[in-house]
Trainee: 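I have a structure here, written as structure tokens, and I will follow up with some questions on it.
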Amino acid sequence: MAKMTKFKFYPLYITYKEAEDEALIYMYGRNENGEQICVSDHFRPYFWVLGDLNLIKPELDETVIETKIEKKEYIGEEVEAIKIVTTLPRNIPVLKDKLKEVAVAVLEADILFVRRYLIDKEIVLGQEYEIQGEEMPIRKGVRTYEIQAIKGTEKSYENEKVLAFDIETHPEKNEEFEGPILMISFYGENFKKVITWKHFRTTEKYIEFVNSEADLIQRFKEVVEELNPDVLAGYFSDGFDLPYIASRAKKYKIKLEIGLDHSEIRLGKGANKSSRITGITHVDVYKFIRNITQLDVDDFRLDTVANALLGENKKQVDFTKLVEHWENSSKDLEEFCKYNLHDAKLTYELCKRLLPQLVELVKIVGLPMEDVNRLSVSQLVEWFLIRNAHKFNQLAPNKPSHDEISKRMSKRYKGAFVYEPKPGLYKNIMLFDFRSLYPTIIASHNIDPGVMNCKCCAGTAQKVPLENEDIWFCEKEKGFLSSVIGDLIERRIRIKEIMKKQKNPFLDARQDSLKLLANSFYGYLGFYAARWYSFDAARSVTAYGRYYVKKVIGSAEKQGFKAIYSDTDSIFLTFEDKTKQEAMKFMDKINKELPGIMELEFEGIYPSGIFVSVKGAEYGAKKKYALISEKDELIIKGFETVRRNWSPIAKEVQKKVLSIILKESDAEKAFNYVKKIADKIRKKQIEIKKFTIKTQITKPIEEYGAIAPHVAVAKKLIEKGIEIVPGQMIEYVITKGKGRIGDRAKLTNEVTKDDIDSEYYIKNQLIPSVGKIFEVIGFDEGELEKEGSQSKLSGFF
DNA sequence: TTTTTGCGGGG
DNA sequence: GTGTACGCAAAAA
């Protein structure tokens, strides 16, 4: 008999293994001394069936070890559900198929075993637990204990050991994972290493040489084992680095047994493949950034993302020379090693930056980190609901069938209310917005498919403001979804209160995660693949949203304010002859009338702002305005030069013009500024880099139909023998001369500022960037094209 | 115009 | 592993 011990344990990873007639849960993590250990637990897979037990019983086979009737709730109805407990997880699909013929419904039969365990035992990975257990004999890998008792404490694990890695491959045949891996880099706390199998002269100590690709892969294994990280981080490593290493390892018959139980890397299949290592959380930084963070970038390449989040870029190297240097064992390979290491470093920094949010989502949603990392926001909401369903004694609805999805996708409903602005320049603007409009509507109006059109409130409950339709939500009993979202909002408010006193990055990540989940509820309700989908609930949310926004606008105008623009949850008003005090009084009155936790907030005063119409915007006018704040900050929304590929000179002028008009109210000055710049362009007084237009090559050149300027430049480069790959940025300028634009597009570093086509830049960049602005304040953009003459502008302001 | 297909990230 | 993304733009019909 093994000795019983007590110890503190942070579980960080969970998996299961089939034993004889049961599946054992294994949780890997660290004890209080920071040692990697494992604890094991017994757990039985089960699912629920609704229907007649007499019809169901005959279908059950010898794998079923227990059936039990329990009172549960299923979308607002009390049901007597039959719990079917079996020996192994893989029996469940078999039983499900048999039972769905005779049962009214088979429920929760697709909740993965380890997830079921975490939900039922209310275990959160990354939290501390006091374990009573005895050490198990005969297991490969880390020390393992069988759980006798487990009790949570309030502590969390806060120093995940992260190791980032990155590989460089031979440029030939790497699509099929067939070219050799040339180098692998690692980056962690106080650790950096590049391993390569071509020897060259270098003094860099972090570069390690081996003799073959097989040895390189062997070293990869060893380094991961030696450093024993909690998190192994890569960038797109689910789809590239790990499958690539695995594919090359297979070629050399090397077993990649880096799991803490000495199991091999498990590669995912299909479109959304995920590569997993037992006991070590493999974080694909790309997937998390893409799926969860609301990062506003044009693409999700490492370079772009690192620039946006860290202000750093990838190292520049000339990849066309890689093969040549490799063949010659050139000392220039050192540059590629540095490039490789820098990518690992960026991945590490990004991972460290995002880990607090990942950790918080693990705590709130309750799934393992490797799952949270790879889920979409709607899936996060869904698993958050499934975990809460268990606490509320609710049965989770099934995922919709294919037919059901088609039906849902064809149904549309009315969205948010947009009050289109009359283009113009406005003074003394106030901005109000509803704090978390949709989440607070769901919580305050008890919007929930389970309590919709309840019998108990028929005829007495307030009806959703929809024309010719009667939808109401119970006013006696709280629905499951609305309780849960109310809880999310309240938890967030409490954290924000604490944060007023002291800043804390962990609390900030938590409030951010709570906000993300709350804000995603409405979208989830209307999402065709959602278990808790409800067309009527979703359109009730937007109906109330429109109702309250219009109500505020109506009240404001009655009070003598004037509405100029509104979109979804924000309302822009002007003072007319009112004071700020009167505006505050107005807001207080509105807030007294609003139900529950709904609240209108005062966002601020803007001394002036310009609103521009967006032509051709059918689905509500798109946001396009610029404001100047009381702190004199310029806020620009929706002006296309902010996003699209415009030259720096056009962006600069647009910003300056908005600034002059809004800050100085001097249209004449703005106008003359543009004329002055046009003049400078004509006189070649502007440096060439301000004319550079950057456009990305998105596919192989031969696949392009139309010859856009950047494609023409790329073609010329290819003729010169320079390789162009998709994803590459082409930086070009338009020069003087005859022919189409494409023929006149040249690489920036090939020409001087005298070659610049001044008229092209004035007509196609400068004027379009400010034309709309002058149009709004009643200006003729034709004036700008003329040379010289000063114009008379007094009278416009 | 509507429907279908394929891409994203990596090197 | 009690499983197989999703949303958009370009191409095709």
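The analysis underlying the following values was restricted to heavy atoms, covering all of them including side chains, and did not include hydrogens, waters or symmetry mates.
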Trainee: For A:F113, report the nucleic acid contact type (base, sugar-phosphate, nothing); a contact means any heavy atom under 4.0 Å.
Mentor: base
Trainee: Which of residues 232-245 of chain A have a heavy atom under 4.0 Å from DNA chain C?
Mentor: none
Trainee: Please produce a list of atom pairs where a protein N or O lies less than 3.5 Å from an N or O of nucleotides 5-7 of chain C.
Mentor:
none

Trainee: Not counting sequence neighbours, which residues clear salt bridge (charged side-chain N to carboxylate O under 4.0 Å, His left out) with A:D403? List them please.
Mentor: none
Trainee: Atom CD of A:E175 to atom P of B:dG9: distance rounded to whole Å?
Mentor: 14 Å
Trainee: Within the 4.0 Å heavy-atom criterion, would you say A:L302 contacts the bases, only the backbone, or no part of the nucleic acid?
Mentor: sugar-phosphate
Trainee: Checking the side chain of A:K68 only, and the main-chain atoms of A:A81 only, is there a donor and an acceptor separated by less than 3.5 Å?
Mentor: no
Trainee: Please give, in whole Å, the distance from B:dG9 P to A:D166 CG?
Mentor: 16 Å
Trainee: Quick check: closest heavy atoms across A:A233 and A:C351, and the distance to 0.1 Å?
Mentor: CB-SG, 3.8 Å
Trainee: Should the ring pair A:Y13 and A:Y28 be called parallel, tilted or perpendicular, given that the plane angle runs from 0 to 90° and is split at 30 and 60?
Mentor: perpendicular
Trainee: Given the C1' atoms of C:dG7 and B:dG9, what is the spacing between them in whole Å?
Mentor: 15 Å
Trainee: Does a donor on one side chain and an acceptor on the other come within less than 3.5 Å for A:R266 and A:S274?
Mentor: no
Trainee: Write down the distance separating the P atoms in C:dG3 and B:dG10, rounded off to the nearest Å.
Mentor: 32 Å
Trainee: How far does CG of A:L182 sit from NE2 of A:H170, to the nearest 0.5 angstrom?
Mentor: 6.5 Å
Trainee: Assign A:P45 to base, sugar-phosphate, or nothing according to its heavy-atom contacts below 4.0 angstrom with the strands shown.
Mentor: base
